[in-house]
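As the structure is a prediction and not an experimental result, all values here were calculated from the model. Here is the naming used below: chain letters follow the sequence lines, and residue numbers restart at 1 for every chain.
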Amino acid sequence: MKIKNLILKIFVNTDLQKDILFLKSIDFFEELNISQLKKLRAHIYKKTYLQKEVIYKKGQEAKLLCIVRSGKIELDDGKNKKIINKRDLFGQKYAFNDDEVYTNTATALEDSNLFFMYKDDIENLMKKDKAIGFNMLKRISKMLYKREINER
Amino acid sequence: MKDNRVTKVFIISILLLFFLFGVLYLSRQIIIPFIIAGLICYLITPIVNKIMLLGLQRWVAVSFITLLIIAIFAFIVTLLIPVITTEIKVFKENYPKYELLIKEQSTDIAKKVPFLKKYTDNITNPTENSENGLTDLIASKLETLTQHITSVVSVIPFIILIPVITFFMLLGANKVKESFIEFLPARYVEFFVSFIYEVNFVLGGYIRGQIIEACFIGIVTSLILFSFNVKYAIIIGVISGLFNIIPYLGPAVAMISGILATAIQYKSITMVLYVFIALEIMQQIDGRIIQPLIVGKNVNLGPVTMIFALLFGANVGGILGMLIAVPAIAILKNIFIIFTNRYRKSLLNQ
């Protein structure tokens, strides 16, 4: 049993699979299938932020869409504060618009691990694989619909 | 305030540039294998990443790809080397004929245009002190060329070093990139990510385009010369393909060598004309269809920089150095421009 595990460990690496499963569990990417998630994974950068470390400041050039892998992030735009937990996204409104600057400051409330994607990478991905864009559109419209129902 | 920052960016960029060139210059003897390995690594990494998605460890994917590439490369070499050495042998055998031809032509010229006599005298009657003798020069170059190509000793360092360096580069490249991002302070993350993106965008297209174009030119030239039964078709094809990387000069070399080979073999203007037309059609297809479609953004250097790059490369690494220098310096120039722009943008936005 131990020998088999050892051999498996030498040849097999499941980190990528775990990442892809995590991506699948995110609200935003719910409609995407595995091969599309694999393409997404190719453009993902990872970074760990310590407590109180600032991820981006209000007014900085907005180019990143961030996913919280672990930990908590606080978004503060001077008036309101919002907390982002594991499996949530932030920065998505800049990815699909031409907004150039962040409208809030993101700080880590505790040691956090983030996945992020570059805005132009996302755009190219959607242009090349139109299904990804359409699936995300389906998801966004579902979320809008739910929000409308909640507000009534 | 912002003026100060822009000045700071400028000074830092210039210092970085000098540092980079300093490092390149100091390591000039050994750097060529690393450049080639870096190029191969850049092209192969996406494939390695795809294989890793199957769930394998990185070293498995890298080993598999490296072995595959070595196999393909060995296959091509064992196919080409015999043909090339045969062509060189044939050339050496025919060389006295060509020497005679050149001498005849120069005596002809000397008769018709007497004032050129002192130049042609060097060719027709090479003196004892024949450092200027054109034919002797050609003969000695030929010797060194054949020695180089057939000499196992001089090629071994390349053949062993490049795959080894590429292997370890492929193995570690991802880790380097990830560690660098972790290590970077948060406020530079966006700069770095956008920098990588733009470099990929501009240079990825350039590198892949050049390779496809070189293959196209090489194969088509060989086919053209082969169908006209011009000897040395493969050598000229290979040389044309390789030299195509150099703007303006490369295609000129291709045309001239093709035409020269036809002229020497057939001695008839009609054949030369046919070959010229065929080669010219190929160049037109390349220039109008292939280049805009595949190579993408124009990353060419100015003529002065190009000449400098050629001479520097020739000095450092002979013909191989000459070929590598032009794209290498074009790439460096573009990286530098992207870096400065991005740095300036990111500073001004804070």
Side-chain angles (χ1 to χ4, degrees), chain A residues 7-21 34-35 37-50 52-66 73 91 94 100-102 105-108 112-125, chain B residues 1-2 5 9 44-64 171 173-202 204-205 296 338 341-350:
Chain A
I7 294 186
L8 270 179
K9 202 171 176 210
I10 297 182
F11 285 96
V12 167
N13 180 336
T14 47
D15 285 349
L16 281 177
Q17 321 280 46
K18 288 186 195 154
D19 285 344
I20 293 184
L21 285 175
I34 294 287
S35 71
L37 288 171
K38 282 185 181 175
K39 287 188 194 169
L40 217 65
R41 172 68 183 88
H43 295 290
I44 288 201
Y45 297 90
K46 299 185 190 178
K47 190 165 167 68
T48 314
Y49 291 86
L50 299 174
K52 291 195 194 157
E53 203 170 346
V54 171
I55 294 140
Y56 57 74
K57 282 197 186 142
K58 181 172 177 175
Q60 218 176 294
E61 207 184 358
K63 292 279 191 178
L64 301 175
L65 175 147
C66 309
I73 309 287
Y94 316 99
E100 282 296 332
V101 295
Y102 290 115
T105 303
T107 326
S112 315
N113 193 4
L114 296 186
F115 285 4
F116 48 84
M117 292 181 69
Y118 185 61
K119 171 175 157 183
D120 293 348
D121 272 338
I122 299 181
E123 201 176 306
N124 283 341
L125 197 60
Chain B
M1 257 298 272
K2 297 214 167 156
R5 283 192 182 151
V9 170
I44 304 289
T45 301
I47 306 182
V48 171
N49 287 338
K50 280 223 181 100
I51 297 186
M52 278 185 69
L53 282 173
L54 297 173
L56 301 168
Q57 289 276 17
R58 195 171 182 88
W59 71 266
V60 176
V62 172
S63 313
F64 175 70
L171 220 51
N174 231 28
K175 203 66 206 247
V176 166
K177 188 162 128 187
E178 286 177 8
S179 323
F180 189 68
I181 293 198
E182 290 283 357
F183 165 74
L184 212 55
R187 61 198 166 126
Y188 293 127
V189 163
E190 248 152 283
F191 159 68
F192 183 67
V193 169
S194 51
F195 174 66
I196 287 194
Y197 173 78
E198 274 190 48
V199 167
N200 235 352
F201 182 67
V202 174
I338 296 176
N341 281 340
R342 278 275 136 214
Y343 192 19
R344 200 178 334 151
K345 253 195 194 172
S346 79
L347 270 195
L348 289 178
N349 266 323
Q350 275 174 359

Looking at [atom1] of [X] and [atom2] of [Y], how far apart are the two atoms once the value is rounded to the nearest 0.5 Å?
X        : Y        : atom1 : atom2 : answer
A:Asn124 : B:Phe201 : CG    : CZ    : 7.0 Å
A:Lys39  : B:Lys50  : NZ    : NZ    : 8.5 Å
B:Leu53  : A:Asn13  : CG    : CG    : 10.5 Å
B:Arg187 : A:Lys57  : CZ    : NZ    : 7.5 Å
B:Met52  : A:Asp15  : CE    : CG    : 8.0 Å

So, do [X] and [Y] sit near enough that their side-chain heavy atoms are less than 4.5 Å apart?
X        : Y        : value
A:Tyr45  : B:Lys177 : yes
A:Ile10  : B:Gln57  : no
A:Lys119 : B:Glu190 : no
B:Val193 : A:Phe116 : yes
B:Asn49  : A:Leu16  : no

Under 4.5 Å, counting heavy-atom pairs only, tell me which of B:Asn200, B:Val189, B:Leu54 racks up the most with chain A.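 When all of B:Asn200, B:Val189, B:Leu54 are compared, B:Val189 has the most.
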
Who among B:Tyr197, B:Phe191, B:Phe183, B:Trp59 has the most heavy-atom pairs with chain A under 4.5 Å?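 Most heavy-atom pairs within the cutoff with chain A belong to B:Tyr197.
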
For the candidates A:Ile20, A:Asp19, A:Asp121, A:Val54, which exhibits the highest count of non-hydrogen atom pairs separated by less than 4.5 Å from chain B?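 So the answer, after comparing A:Ile20, A:Asp19, A:Asp121, A:Val54, is A:Asp121.
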
Side chain from CB out, backbone as N, CA, C, O: work out which of these in [X] comes under 4.5 Å of a heavy atom of chain B, or both, or neither.
X       : result
A:Val12 : both
A:Tyr56 : side chain
A:Lys63 : both

CA sep, side-chain torsions, deciding dist, call: A:Lys46, B:Ile181, side chain to side chain contact (heavy atoms under 4.5 Å, CB included): CA-CA 8 Å; A:Lys46 299 185 190 178; B:Ile181 293 198; over 6 Å; no

